[in-house]
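This report concerns only the one structure given below.
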Protein chains: 2
Amino acid sequence: MIIDRNSPVPQYFQLQTWLREQIEQGVFKPEDKIPTEEELVQITGLARATIRQAIGNLVNMGYLTRKRRLGTFVTRRTNLSNHRNIIGVLVPDIRSGYTPELARGVEDAAANNKLSTILCNTDDLFIKAAFHTERLIESNVCGVIFVPTAASDEKNLQIVDKFHKRDIPVVLADRVIPDTDVDYVTTDNFNGGYQLTSYLINKGHRKIGITLSTLFSTERQRYEGYRQALADAGITPESGWIKLHDGPFTEKHYQEVSKTLLSEDRKISAIFAGHDRIAYVIYSVAQKIGIKIPVDLSIVGYDDLHPTCSHLISLTTMHQPIYEMGQESLKILVSKINGDSRGLKRLELKSNLVERNSVVRLKNS
Amino acid sequence: MIIDRNSPVPQYFQLQTWLREQIEQGVFKPEDKIPTEEELVQITGLARATIRQAIGNLVNMGYLTRKRRLGTFVTRRTNLSNHRNIIGVLVPDIRSGYTPELARGVEDAAANNKLSTILCNTDDLFIKAAFHTERLIESNVCGVIFVPTAASDEKNLQIVDKFHKRDIPVVLADRVIPDTDVDYVTTDNFNGGYQLTSYLINKGHRKIGITLSTLFSTERQRYEGYRQALADAGITPESGWIKLHDGPFTEKHYQEVSKTLLSEDRKISAIFAGHDRIAYVIYSVAQKIGIKIPVDLSIVGYDDLHPTCSHLISLTTMHQPIYEMGQESLKILVSKINGDSRGLKRLELKSNLVERNSVVRLKNS
DNA sequence: TAAGTATAATTGTACATACAATTGAATCAG
DNA sequence: CTGATTCAATTGTATGTACAATTATACTTA
């Protein structure tokens, strides 16, 4: 019997489900005529209105087509092009830093899952992220990968909530929003900062400068790692070594910082740059001033941007698995899109130090 | 009276039309509650089943949302995303060369036109381009910006035709497909090659090497410019100076080329690299061998990739307005989407030589 | 043969009725 | 004040009936 009248599931829905299964299993093939409404009344014992309700839904869903006088037929292609297959990717700026690598990781994994990616640049601004958020929702994306902006955690959470209200899952990439239950994929920035600093200490450096932005969870964690490593080595950092700021990355800012760090009677022998692009600026300023790296000054970066780091300036840096980060973010997103909601999905990938030629060993200082 | 019972148009449809008009004219605003089914029975005199049919259709069409016990409400956005507002962007690899800059130019201009961009990486392979083409068509994009692949013109044209068959306009960016009527935005590569070569000649260089790939229209044109400049200066290039190949860019290949060019008893005093990334490879190989740039060897590139060129290795190169190229491509695409088909739309942007510190003046050789 | 016409099958429209399920809000109990 | 319970409004499900509209097919007529 097709219909169970004692079941709590509506009878029209039982019929609808049964019909859909027949179609999907090929019992009713494309172009086939299904039983007439009157016949289905005979078969199921339901009223014709109920039959019509079931069929009407399937017509709306694209499974069936009604033809007056002729009957109801299985639609040729089960073309449900409204089936959502686009995700949004909100990144700071596709031109800079690790973003291209991240975007490519996401895109490759997305293509494997038959998803397309809409790319949006936030320039680390809340307002742009909010703008793109509206557009992505309008475009009916089925999921979002979001690199939080330079705005407050609260603001970034607003963005996430806008998607969540529409039942659009979100995965954060690289940066996280602390003390919330938003899923993310990031790397072990604290360990990375710790390792890089320890590396410099092992090379005999004790006066180690650092400069980065406090706006981003990643850089803050690297800074924490730096402090811990110094503390564990019994070194108390002087305030002059540390140049934090609460703005986004600009070349101009770090040029100023570099001049200060490199001029102040050169108290420091090494600099930990918050990320590679900062290191580049320091590098170029040092070049202009005539400070030679690594002979006169040691420097380490963070990211390992290709090909500049590896081929041109030979920077010792912390390699982040950015491409993998993109891929893993997407995998988690897909599992959420598919309704797998078993607890939080968070991932912290391992970075590894790449030793090149920007750090010199100091003689026992 | 809302319903005309003598009209041949079904009464549920009259009600449906009336409700839709109220919504579209803002009488019922988003989030508003419309009259309950019972109230509509009173208002219209129709049976509740008929009311439900009208409402049910509007729910299916996205205008209304039913909430049990609460009533029926106007959907937040009357947008069913059938209005196509997504374009596709087919680029070689978002990670490399000028691609990020191009993508950003497209994206910014697209956002201004309320369009979203789906990004696809072809890796310069026809097969990947074809794969993404199918997906973009499925995603119902309303236009495409396409950087032709390393495949033959014929193959690239196949890609374009696939879109054109679906009435999806295409604009080529950077590279062109010669002898066809596909619109494009590119730069004056011939002039650029001519200028760069002339620049080297003016600096006293006569034995000028060149290496690039012949797969791409841009690089071929630069090569033509190079030959013309040499010819105009009365210089006949020797075969040993010229290292063309018909494969895509790989570091490995150009490392080999560099070794050859830099070893062969150093016949040449300057190298014209087909683009900046090639210049980087030559740079790094030269560094390893101990050849100093520009003292021992002059080198020019093409693209002016930021920030490496400008800050780190100080490469004299041809600056291409890549960002603008992205923007202009999109503008043309938009005009085509809007049905403006007044003739061909082609644009050749001007490049300009950026003189830095990778070329030395030779004493009268 | 060609054009018009009747027929019957099937979906389309319309109405009246009844009870179920859900849930915001009011009420009550502790 | 908090938590449980009840109430009532509204949509959801289901049935039975009736007639309309459409149209492939067969039949009729000029």
Side-chain angles (χ1 to χ4, degrees), chain A residues 1-20 22-23 28 31-76 165 167, chain B residues 1-20 22-23 28 31-76:
Chain A
M1 214 52 216
I2 298 170
I3 305 297
D4 174 6
R5 303 191 85 112
N6 295 319
S7 163
V9 17
Q11 291 160 43
Y12 83 91
F13 195 80
Q14 291 183 41
L15 175 57
Q16 180 181 323
T17 305
W18 179 79
L19 283 170
R20 213 192 56 225
Q22 303 301 302
I23 293 167
F28 296 144
E31 307 279 10
D32 272 8
K33 181 182 172 188
I34 67 166
T36 67
E37 294 176 358
E38 195 48 50
E39 281 167 345
L40 284 171
V41 169
Q42 304 298 323
I43 294 171
T44 62
L46 300 174
R48 191 174 150 226
T50 309
I51 307 278
R52 278 185 69 74
Q53 193 176 1
I55 292 179
N57 287 342
L58 290 172
V59 167
N60 265 318
M61 293 162 70
Y63 286 94
L64 296 176
T65 309
R66 289 204 249 233
K67 289 183 186 168
R68 253 189 180 162
R69 148 74 231 231
L70 297 180
T72 305
F73 299 81
V74 178
T75 308
R76 270 171 267 94
K165 268 184 198 149
D167 281 326
Chain B
M1 213 53 216
I2 300 172
I3 305 297
D4 173 8
R5 304 193 82 111
N6 295 321
S7 162
V9 17
Q11 293 160 45
Y12 83 91
F13 194 80
Q14 291 184 39
L15 175 57
Q16 179 181 326
T17 305
W18 180 77
L19 283 170
R20 212 191 56 225
Q22 302 302 301
I23 293 168
F28 297 143
E31 307 279 9
D32 271 9
K33 181 184 171 184
I34 68 167
T36 66
E37 294 176 358
E38 195 48 49
E39 282 165 347
L40 284 170
V41 168
Q42 303 298 322
I43 295 170
T44 61
L46 300 173
R48 192 175 151 226
T50 309
I51 307 280
R52 278 186 70 73
Q53 192 177 2
I55 293 179
N57 286 343
L58 290 171
V59 168
N60 263 319
M61 292 160 71
Y63 287 94
L64 296 175
T65 309
R66 283 172 163 145
K67 288 184 187 167
R68 252 190 183 161
R69 146 75 231 236
L70 297 180
T72 304
F73 300 81
V74 178
T75 308
R76 279 172 249 102

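A note on names: the letters A, B, ... follow the listed sequences, proteins ahead of strands, and every chain is numbered from 1. Side-chain atoms are counted along with the backbone in the values below, which use heavy atoms only and exclude waters and symmetry mates.
- Taking atom CD on B:E38 and atom P on D:dA9, their separation rounds to 12 Å, with Å as the unit.
- If you check D:dA14, D:dT22, C:dT13 against the side chain of B:P10, the one that comes closest is C:dT13.
- If you take CG of A:L64 and C1' of C:dT10, they are 15 Å apart, rounded to a whole angstrom.
- Between B:Q53 and C:dT13 there is a side-chain polar atom (N or O) within less than 4.0 angstrom of OP1 or OP2.
- Checking C:dT11, C:dA21, D:dT15 against every side-chain atom of A:Q11, the shortest atom distance belongs to D:dT15.
- Each of A:Y12 and A:R69 was matched to the nucleotide of DNA chain D holding its nearest heavy atom; the match closer to the 5' end belongs to A:Y12.
- B:K33 has a side-chain polar atom (N or O) that falls below the 4.0 Å cut-off from OP1 or OP2 of D:dT10.
- Per the geometry, CZ belonging to B:F13 stands 16 Å off C1' belonging to C:dA14, to the nearest Å.
- If you take CD of A:Q42 and P of C:dT10, they are 12 Å apart, rounded to a whole angstrom.
- Comparing D:dA18, D:dT15, C:dT10 against the side chain of A:T36 picks out C:dT10 as the nearest.
- Taking atom CZ on B:R66 and atom P on D:dA9, their separation rounds to 20 Å, with Å as the unit.
- Here C:dT13 presents its P atom at 14 Å from CD1 of A:I55, a figure rounded to the nearest Å.
- Other residues, nucleotides and ligands contribute only 12 or fewer heavy atoms inside 6.0 Å of the CZ atom of A:F13.
- In terms of position along DNA chain C, the nucleotide closest to A:K67 lies nearer the 5' end than the nucleotide closest to the other residue of the pair A:A49 and A:K67.
- From A:T36, atom OG1 reaches atom CD1 of A:I55 across 8.5 Å, with rounding to the nearest 0.5 Å.
- When rounded to the nearest whole Å, the span between CG of B:L70 and P of C:dA25 equals 8 Å.
- For the pair A:R52 and C:dG12, the criterion of a side-chain N or O lying under 4.0 Å from OP1 or OP2 is met.
- Residue B:T50 places at least one side-chain N or O closer than 4.0 Å to OP1 or OP2 of C:dC15.
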